[in-house]
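Everything on this sheet refers to the single structure shown next.
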Amino acid sequence: MKIYNTITREKEEFVPLNSPHVLYYNCGPTVYDYFHIGNARNFVVADTIRRYLEYRGFKVRFIQNLTDIDDKIIKKAKEEGITAKEVAEKYTAVYFEQTGKLGIRTADMHPKATENIPQMHALIKTLIEKGHAYVVDGDVYFSVRSFPSYGSLSGKNIEDLQEGARVDVDERKKDPLDFALWKAAKPGEPAWESPWGPGRPGWHIECSAMSIAHLGESIDIHSGATDLIFPHHENERAQSEAATGKPFVKYWLHNGFLNINNQKMSKSLGNFFTINQVLERYDPLSVKFFLLSAHYRHPLDYTEENMATAQSASRRILNALETVDKLIKINAVQENSTGLSAPEFAREKWVNFRRVFEDAMDDDFNTAKALSVLHDIVSEIHETRKAVSNAPQDAALLDALKLYRNLLLELLGILGLDPTLASGKVDFNDKIIGELMQILIDIRKLARAKKDFIIADEIRNRLNNISITLEDHPQGTIWKHKK
RNA sequence: GGCGACGUAGCCAAGUGGUAAGGCGGAGGUCUGCAAAACCUCUAUGCAGCGGUUCAAAUCCGCUCGUCGCCUCCA
């Protein structure tokens, strides 16, 4: 399996520090607002990578932090006249509610910055003792000059950065690039006691402290979006390695942006759609199809057309699944059939689909290509379906259908594309509804047999009005709920 | 100004040396009482442009043009 590593700028063979264990940290949200679809891309990508690593047999310990204290939270609290803590609690709940809708699994742990203050103090203390940090008026700064390889993650050097010259001019800092590990409290701001006076943590120190505390001094994967490479991850790396003397992260992964009109979606530009706005228009499955339709490192444009495309594409796969399910039922295939009696050619194709899928995902998580395999399976399902029509008695062909259906479901699951994410509110697997539908279908069948198409069409039209579609197949009539 | 990424059909998007995956959309056809769904066929002699290397280039090299990103909080 190959993974693109930001720090080496090339795809590398993935070899965990202590295989099969994988320690994985994803930079989580700052909980001050609804997250936008661009944030969602990061969460979905990390979740997908986690799932695939597990599928590949790795024992993944996956941690994603919650930044529950920072400038934006304090600002929001002032605007709304509530405490910073209340803001954080509100949007933490929103985070779990919305990611739940998207079928994003919760991490093994979601550490909060405010619950890891002692760990940050310890880290800062070590940095001061080792001469990598210094105290000024209750602030503590990290000295970038004290860490020789500063800049190697982002491919920058200190001199170039200073020529860029847009860094805050603060006379108290030894170097303009030095960044705050601990910020002295200003009046009215939330504050925690510390050896340097009351204050709150700098942004970068949180992730270092929580990663070290909950995963260890050296981990396998640390991920985030590309705008975190500098300064966030650069600073994390510097302070962590300066403190522990050990490599902080083996593989740095960064996902590309979600764009609007070819421009980065961002809160500051105001060109963003929050996740709840998007979910009002599109079902979670379509949203995930869209987010996985391009390689994770490439930019992806959020447009109505692209969303509609993703929706149609996901429908194609759902339709095939539903059709094959109903056909299997009509033909009374053994529920516990293993697919082993499927014809040789079908089993060969099955193996091949899986191989191509794995090759795609093994190549730096190429979900766009992996999705094309799902479509290929759908095509194969339809072809097999046709063969079943021509030879309804051939149980082996039905078994092949089942084989493909199961594979499709499994691969969808690995990508986090559970078909139930697309469903509406009504539980259409409800037994009574199924029986009622069967009654209607049987009555319509009688009408059609008598060529009474007025009644037959009335039934179909009325059902269509409540979003239920009837399809007459050679093997019988099936019904579907359309969204 | 420094560093980096990208430019493949109407749209989206794989493909990093061997002769252009897949999806969406569109056109025609098959099936059907009619539909729906599905299937079949067609939809890039071409990969921003110009040079170069090679038996062979979307893929490697150089230049040009264009777009975007990071350098400041940002997923």
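Naming: A, B, ... by sequence-line order, numbering from 1 per chain. Below, each value reflects all heavy atoms present in this structure, side chains not excepted, and no hydrogens, waters or symmetry copies.
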| field | Separation of the P atoms in rA75(B) and rC70(B), to the nearest angstrom | value | 12 Å
| Is there a donor-acceptor pair closer than 3.5 Å between any side-chain N or O of Asp363(A) and the backbone N or O of Asp359(A)? | no
| task | Report yes or no: does Asn157(A) contribute a side-chain atom to a donor-acceptor pair with the main-chain N or O of Glu159(A) at less than 3.5 Å? | result | yes
| task | Please evaluate the base of rC70(B) for a donor-acceptor partner in the side chain of Lys156(A) within a cut-off of under 3.5 Å? | result | yes
| task | For Gln277(A), check side-chain hydrogen bond (donor to acceptor under 3.5 Å, both in side chains) against everything at least two apart and list the hits. | result | Thr274(A)
| query | When you measure from the side chain of Asn255(A), which nucleotide among rA75(B), rC71(B), rG33(B) comes out closest? | reply | rA75(B)
| said: For rG33(B), is there a stacking contact with Phe453(A), counting only centres under 5.5 Å and planes under 30°? | reply: yes
| query | When you compare rG7(B) with rC39(B), how far apart are their C1' atoms, in angstrom units rounded to a whole number? | reply | 36 Å
| field | Contacts of type ring pair (Phe, Tyr, Trp, His ring centres under 6.0 Å), residue Tyr52(A), not counting sequence neighbours | value | Tyr55(A)
| request: Apply ring pair (Phe, Tyr, Trp, His ring centres under 6.0 Å) to Tyr24(A) and list each qualifying residue two or more places apart in sequence or on a separate chain. | output: Phe62(A)
| Backbone of Ala184(A) reached by a side-chain donor or acceptor of Asp139(A) within 3.5 Å | yes
| field | Between Thr8(A) and Glu12(A): side-chain donor-acceptor atoms closer than 3.5 Å | value | yes
| request: Provide, to the nearest angstrom, the distance between the CG atom belonging to Leu292(A) and the C1' atom belonging to rC12(B). | output: 14 Å
| Is there a donor-acceptor pair closer than 3.5 Å between any side-chain N or O of Asn271(A) and the backbone N or O of Lys264(A)? | yes
| query | Do side-chain atoms of Asp178(A) reach the backbone of Asp175(A) as a donor and acceptor pair under 3.5 angstrom? | reply | yes
| Protein proximity profile, nucleotides 35-40 of chain B - base contact B, sugar-phosphate-only contact S, no contact -, cut-off 4.0 Å on heavy atoms | BBSSSS
| said: Over all strands shown, is Leu228(A) touching base, sugar-phosphate only, or nothing at heavy-atom distances under 4.0 angstrom? | reply: sugar-phosphate
| Roughly, in whole Å, what's the span from CG in Asn39(A) to C1' in rC73(B)? | 13 Å
| remark: Between CG of Asp376(A) and P of rA14(B) the distance, given in whole Å, is 16 Å
| said: In whole Å, measure the gap between the P atoms of rA13(B) and rU41(B) for me. | reply: 26 Å
| Contacts of type side-chain hydrogen bond (donor to acceptor under 3.5 Å, both in side chains), residue Ser314(A), not counting sequence neighbours | Ser286(A)
| query | Hey, does the side-chain of Lys264(A) have a donor or acceptor N/O within less than 3.5 Å of a partner on the base of rC68(B)? | reply | no
| Quick one: Lys450(A) NZ to rC34(B) C1', roughly how many Å, whole number? | 20 Å
| Under the 3.5 Å rule, do the base of rG33(B) and the side chain of Asp457(A) count as making a donor-acceptor pair? | yes
| What integer number of Å spans the C1' atoms of rG26(B) and rC68(B)? | 31 Å
| field | Length of the CZ-P vector between Phe289(A) and rG23(B), whole Å | value | 12 Å
| task | Any chance you could lay out the side chain to side chain contact (heavy atoms under 4.5 Å, CB included) test for Leu279(A) and Lys101(A), step after step, and finish with the verdict? | result | CA-CA 9 Å; Leu279(A) 289 178; Lys101(A) 283 185 195 165; 3.9 Å; yes
| Stems formed with participation of RNA chain B [Watson-Crick or G-U wobble, under 3.5 Å, three or more pairs] | B:1-7 with B:65-71, B:10-12 with B:22-24, B:25-30 with B:38-43, B:48-52 with B:60-64
| query | Donor-acceptor pair, Thr6(A) side chain versus Trp252(A) backbone, under 3.5 Å? | reply | yes
| said: With no hydrogens and no angle check, just 3.5 Å: does a side-chain donor-acceptor pair link Gln239(A) and Asn235(A)? | reply: no
| message | Near RNA chain B, counting only heavy atoms under 4.0 Å, which residues of residues 94-112 of chain A show up? | response | none
| note | Note: contacts of residues 26-36 of chain A with RNA chain B (heavy atom, under 4.0 Å) are His36(A)
| field | Pairwise C1' distance, rC24(B) and rU67(B) [rounded to whole Å] | value | 24 Å
| query | What residues, two or more places apart in sequence or in another chain, satisfy side-chain hydrogen bond (donor to acceptor under 3.5 Å, both in side chains) together with Arg41(A)? | reply | none
| query | Separation of Leu269(A) atom CG from rA75(B) atom C1', in whole Å? | reply | 14 Å
| query | Are a donor atom and an acceptor atom from the side chains of Tyr141(A) and Arg172(A) found within less than 3.5 Å of each other? | reply | yes
| note | Sorted by chain and number, sequence neighbours left out, ring pair (Phe, Tyr, Trp, His ring centres under 6.0 Å) with Phe179(A) holds for Phe142(A), His204(A)
| field | Members of residues 360-369 of chain A that approach RNA chain B, where some heavy atom sits under 4.0 Å away | value | Asn366(A), Ala368(A), Lys369(A)
| said: Any base atoms under 4.0 Å from Phe290(A), or only sugar-phosphate, or nothing? Heavy atoms, all strands. | reply: nothing
| message | Could you work out, with ring pair (Phe, Tyr, Trp, His ring centres under 6.0 Å) as the rule, every residue matching His473(A), not counting sequence neighbours? | response | none
